[in-house]
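Keep in mind the model is a prediction, meaning the values are calculated, not measured. The figures here come from the full heavy-atom set of this structure, side chains too, leaving out hydrogens, waters and symmetry mates.
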Amino acid sequence: QVQLVESGGGSVQAGGSLRLSCATSGYTNNTYSVGWFRQAPGKEREGVAAFDGRGATRYADSVKGRFTISTDSTKNTLYLQMNSLNPEDTAIYYCAAARIGLSWYFVLRPRYFVYWGQGTQVTVSS
C-alpha cells in the first residue's frame, strides 16, 4: 500500500524559508511522477512543483525561482525547499504520487495524481 507522509510545515514571517519533506513507501516502480500541491482556503488545489516521468521538474509560475523540488537518491523522500515566502504562499501543502510517469504537460494537474499525503499547514505572516 502506497503511503505518503508530509512534515516540515509551520509558521514563518514573509521573506523566510521552510523545507517540507514527504516520506513515501509502498512503491515498486520508481519512474512514477511525484509532486507538491497546495490548497488555500476557498481556493482549488493547485500544483506547485513536480517531477515528470523522465525526472524533469516543473514549477508553477508563482513559485519559480523561490521553490525547489528534490528527492533523495532512492526517491523515498521528496522535498520542497521554499524560500522568500510571502503571505500568498499560505496553504495546506500536500505531496502526491501518480501511478505512472506523467508527461511534463500534466504534472501540475492534481487530477492525475492518485496517492496523497495528509497535508501540512504553511502559514506566512506579513
- prompt: Does the cation-pi check pass for Arg45 over Tyr94, that is, NZ or CZ under 6.0 Å from the six-membered ring centre and within 45° of its axis?
  reply: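 Flagged: Arg45 positioned over aromatic ring of Tyr94.
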Criterion side-chain contact (heavy atoms from CB on, under 4.5 Å) on Arg66 and Asn86, from CA distance to verdict | CA-CA 10 Å; Arg66 300 188 298 122; Asn86 58 61; 3.5 Å; yes
Q. Do the two ring centres, one from Trp36 and one from Phe67, sit under 6.0 Å apart?
A.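 Ring centroids of Trp36 and Phe67 are no less than 6.0 Å from each other.
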Taking the six-membered ring for Trp, is the centroid-to-centroid distance between Tyr32 and Tyr115 below 6.0 Å?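 No, the ring centres sit 6.0 Å or more apart.
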Kindly give the heavy-atom pair with the smallest separation between [X] and [Y], and that separation in Å.
X	Y	result
Val34	Ile69	O-CD1, 4.3 Å
Ala60	Gly47	CB-O, 3.4 Å
Arg38	Ser62	NH2-OG, 3.4 Å

[X] versus [Y]: any side-chain heavy-atom pair under 4.5 Å?
X	Y	value
Leu78	Leu80	no
Asp72	Thr77	yes
Leu85	Leu18	yes
Met82	Leu20	yes

Please determine whether side-chain contact (heavy atoms from CB on, under 4.5 Å) holds for the pair Leu4 and Thr24, giving the CA-CA distance in whole Å, both sets of side-chain angles, and the decisive distance to 0.1 Å. CA-CA 5 Å; Leu4 306 169; Thr24 71; 3.2 Å; yes
Is a side-chain N or O of [X] found less than 3.5 angstrom from the main chain of [Y], in a donor-acceptor match?
X	Y	answer
Thr120	Gly9	yes
Gln121	Gly10	no
Tyr93	Val48	no
Ser33	Phe51	yes
Glu6	Gln118	yes
Arg58	Trp104	yes

| query | Going only through I, L, V, M, F, W and Y residues with side-chain contacts under 4.5 Å, is there a path from Trp116 to Val107? | reply |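 Result: yes, single cluster for both.
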task: Drop me the distance from Cys22's SG to Gln3's CD, to the nearest 0.5 angstrom.
output: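 Cys22 SG to Gln3 CD: 11.0 Å, rounded to 0.5 Å.
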Residues Ser17 and Asn83: side-chain donor-acceptor under 3.5 angstrom: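 There is such a pair (donor and acceptor under 3.5 Å, judged by atom type) between the side chains of Ser17 and Asn83.
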Among residues at least two apart in sequence or on other chains, which ones pass ring-ring contact (aromatic ring centres under 6.0 Å, His included) with Phe106?
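By the ring-ring contact (aromatic ring centres under 6.0 Å, His included) rule, Phe106 matches Tyr112.
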